[in-house]
Amino acid sequence: MSAALIDGKAISEAVRKEWKERADNLKAKGVLPGLAVIIVGDNPASKLYVSNKIKACHEVGLHSEVHDLPEDVSEKMLLKLIEELNQAKKINGILVQLPLPKHIDESKVLEAIKQDKDVDGFHLYNVGALMTGNTVFPPCTPFGVMRMLSYCKVPIAGQNAVIVGRSNIVGKPMAIMLLQEDATVTICTSKTKELEKHTTNADILVVATGRPEMIKAEHVKPGAVVIDVGINRLESGKLVGDVDFEDVKKVASLITPVPGGVGPMTITMLVANTVMAAERDSGNVPTD
Ligand code: NDP
């Protein structure tokens, strides 16, 4: 068997068109959705992520602005900027690119973002809302994975979903979203014994560990759907996921590539969250 590809780039283009239409509807009513991105320091990977996010905003026709702060900016200055953006009328979404330098308290910064503008969904209020099934800002990466699965018509209810990784930004919200759609969910961590005993039980396997190509064919049940969230740059410069793509595609039925899989979907759902925030702020929430 050789798996069919879940083409994140193509799906993302199609999904962005839906959101461009919603943004155009708002613009016709005089509302321009706006995203502010704050980046601290010169981390090349962060710079690249931010420039891709801004590119996506341009593509969909949103207002976007980047606040580029030096590595040694004080926490106080950063919090002051967030407060200004919280008050700014033309800004519907605020995103602070992570990671932040060590001298800045990440959770304090995330809590400072007004919950109605928290397009990344990392504010404690939004984490709680997700937990209780009332989310308005689903975190972009798991939101993107869910959209990909629905786009590919992958059944979720009653399926065994296994997530490898339990970070606050990927693994845990991913588990909650799959549970919400009635999957039977297992979460594996670095402490899990006999990982393959769990992963070979998965109809849907989502991997987010940051360990290059750790998931091999023997970890995967024949016919499973495999979603690789990982993005790792090898010393050679090559970009790979947490799944050994060439090996696993021999047994999976559907698989995401890296690059061109979950990455573009994450950015698309950031655009979606920004447009939805603008719809709510302006009282233009579509009724159907
Ligand atoms: P974290 O480092 O925060 O979390 C990694 C998780 O993987 C931890 O829960 C850890 O377990 C678990 N883990 C590590 N090694 C193993 C192992 N051998 N077996 C089982 N579990 C293991 O990473 P993130 O969730 O932030 O990111 C994961 C990957 O996804 C990275 O490559 C990152 O670059 C990528 N990423 C991609 C995005 C995209 O848009 N495509 C967005 C965000 C992240 P424990 O808790 O026990 O330590």
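Since the structure is predicted, the reported quantities are computational estimates derived from the model, not experimental observations.
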Nearest-0.5 Å distance that lies between atom CD in Glu181 and atom CD1 in Ile176: 13.5 Å

Spacing of CE belonging to Met269 relative to CH2 belonging to Trp19, to within rounding of 0.5 Å: 6.5 Å

Could you state the interatomic distance from OG1 (Thr268) to NZ (Lys9), rounded to the nearest 0.5 Å? 11.5 Å

Sequence neighbours excluded, which residues qualify as side chain to side chain donor-acceptor pair (under 3.5 Å) partners of Asn52? none

Rounded distance (nearest 0.5 Å) linking atom OG1 of Thr200 with atom CD of Glu194: 10.0 Å

Under a 4.5 Å side-chain heavy-atom rule over Ile, Leu, Val, Met, Phe, Trp and Tyr, are Tyr151 and Ile267 clustered together? no

Assigning hydrophobic clusters by single linkage (Ile, Leu, Val, Met, Phe, Trp, Tyr; side-chain heavy-atom cutoff under 4.5 Å), is Met214 placed with Ile187? no

Test side chain to side chain contact (heavy atoms under 4.5 Å, CB included) applied to Met146 and Leu178, step by step: CA-CA 8 Å; Met146 295 306 286; Leu178 285 163; 3.8 Å; yes

Looking only at heavy atoms, which two atoms of Val275 and Leu26 are closest? And how far apart? O-CD1, 3.9 Å

Can you find a pair of side-chain heavy atoms, one from Val127 and one from Asn168, that are under 4.5 Å apart? no

Nearest 0.5 Å please: distance from the CD atom of Glu246 over to the CD1 atom of Ile255. 9.0 Å

Taking the side chain as every heavy atom from C-beta outward, state whether Leu239 and Arg233 have any atom pair closer than 4.5 Å. yes

Going by heavy atoms in the side chains, are Arg22 and Pro286 under 4.5 Å from each other? yes

Is any side-chain heavy atom of Glu279 closer than 4.5 Å to a side-chain heavy atom of Asn92? no

Using links of under 4.5 Å between side-chain heavy atoms of ILVMFWY residues, direct or through other members, which residues join Val37 in one cluster? Leu35, Ile39, Val50, Ile54, Val66, Leu95, Val119, Val136, Phe137, Leu270

Can you list every pair that meets side chain to side chain donor-acceptor pair (under 3.5 Å) and has a residue in residues 35-50, with sequence neighbours left out? Lys47-Asp68

Where do Asn201 and Thr186 land on the side chain to side chain contact (heavy atoms under 4.5 Å, CB included) test, with the steps shown first? CA-CA 10 Å; Asn201 195 31; Thr186 304; 5.6 Å; no

Does Lys80 form a side chain to side chain contact (heavy atoms under 4.5 Å, CB included) with Glu84? I'd like the steps, not just the answer. CA-CA 6 Å; Lys80 185 167 171 273; Glu84 282 164 19; 3.5 Å; yes

For Ile113, does its backbone N or O pair with a side-chain atom of Asp118 as donor and acceptor, under 3.5 Å? no

If every non-hydrogen atom of Ser253 is compared with every non-hydrogen atom of Gly223, which pair is closest and at what distance? OG-O, 2.7 Å

A side-chain contact here means heavy atoms from C-beta on lying under 4.5 Å apart; do Glu83 and Asn86 qualify? yes

Closest non-hydrogen atoms of Ala208 and Val170, given as atom of the first, atom of the second and distance, are CB-CG1, 3.6 Å

Any donor-acceptor pair under 3.5 Å linking the side chain of Thr192 with the backbone of Leu195? no

Taking C-beta and beyond as the side chain, do Asp105 and Val109 meet within less than 4.5 Å on heavy atoms? no

Same cluster (ILVMFWY, side-chain, under 4.5 Å), Phe143 and Val145: yes

List the steps, then state whether side chain to side chain contact (heavy atoms under 4.5 Å, CB included) holds for Leu79 with Lys108. CA-CA 9 Å; Leu79 292 172; Lys108 199 166 167 187; 4.2 Å; yes

Please enumerate all residues that pass side chain to side chain donor-acceptor pair (under 3.5 Å) together with Glu18, with sequence neighbours excluded. Arg147

Identify whether Leu110 and Ile38 are in the same connected component of the hydrophobic contact network (ILVMFWY, side-chain heavy atoms under 4.5 Å). yes

Residues in side-chain contact (heavy atoms from CB on, under 4.5 Å) with Leu32, at least two apart? Lys27, His63

Rounded to the nearest 0.5 angstrom, the CG-CD1 distance for Asp72 and Ile104 is 9.5 Å

Looking only at atom types and distance, does a side-chain atom of Asn232 sit under 3.5 Å from a main-chain N or O of Val240, one as donor and one as acceptor? yes

Same apolar cluster (I L V M F W Y, side chains within < 4.5 Å links), Val258/Ile227: no

To check you understand the geometry: which heavy-atom pair defines the closest contact between Leu130 and Pro139, and what is its length? CD2-CD, 4.0 Å

Keeping Lys117 on the side-chain end and Ile91 on the backbone end, is there a donor-acceptor pair under 3.5 Å? yes

If I compare all heavy atoms of Asn284 with all of Val31, which pair ends up nearest, and what's the gap? ND2-CG2, 4.1 Å

Side chain proximity check, Ile6 to Ile11, heavy atoms < 4.5 angstrom: yes

Side chains of His67 and Leu85, heavy atoms from C-beta outward: is any pair under 4.5 Å? yes

Heavy-atom closest pair, residues His58 and Ser64: NE2-OG, 3.8 Å

So if I apply the side-chain contact (heavy atoms from CB on, under 4.5 Å) rule between Leu149 and each of Leu254, Val225, Val206, which one comes out positive? Val225

Verify, without hydrogens or angle tests, whether Glu111 (side chain) and Leu124 (backbone) share a donor-acceptor contact under 3.5 angstrom. yes

Looking at Ile215, is its backbone amide N or carbonyl O close enough to the side chain of Asp242 to form a donor-acceptor pair, meaning the two atoms are under 3.5 Å apart? no

Residue pairs meeting side chain to side chain donor-acceptor pair (under 3.5 Å), one or both in residues 210-231, sequence neighbours left out, come to Asp203-Lys221, Lys216-Asp244

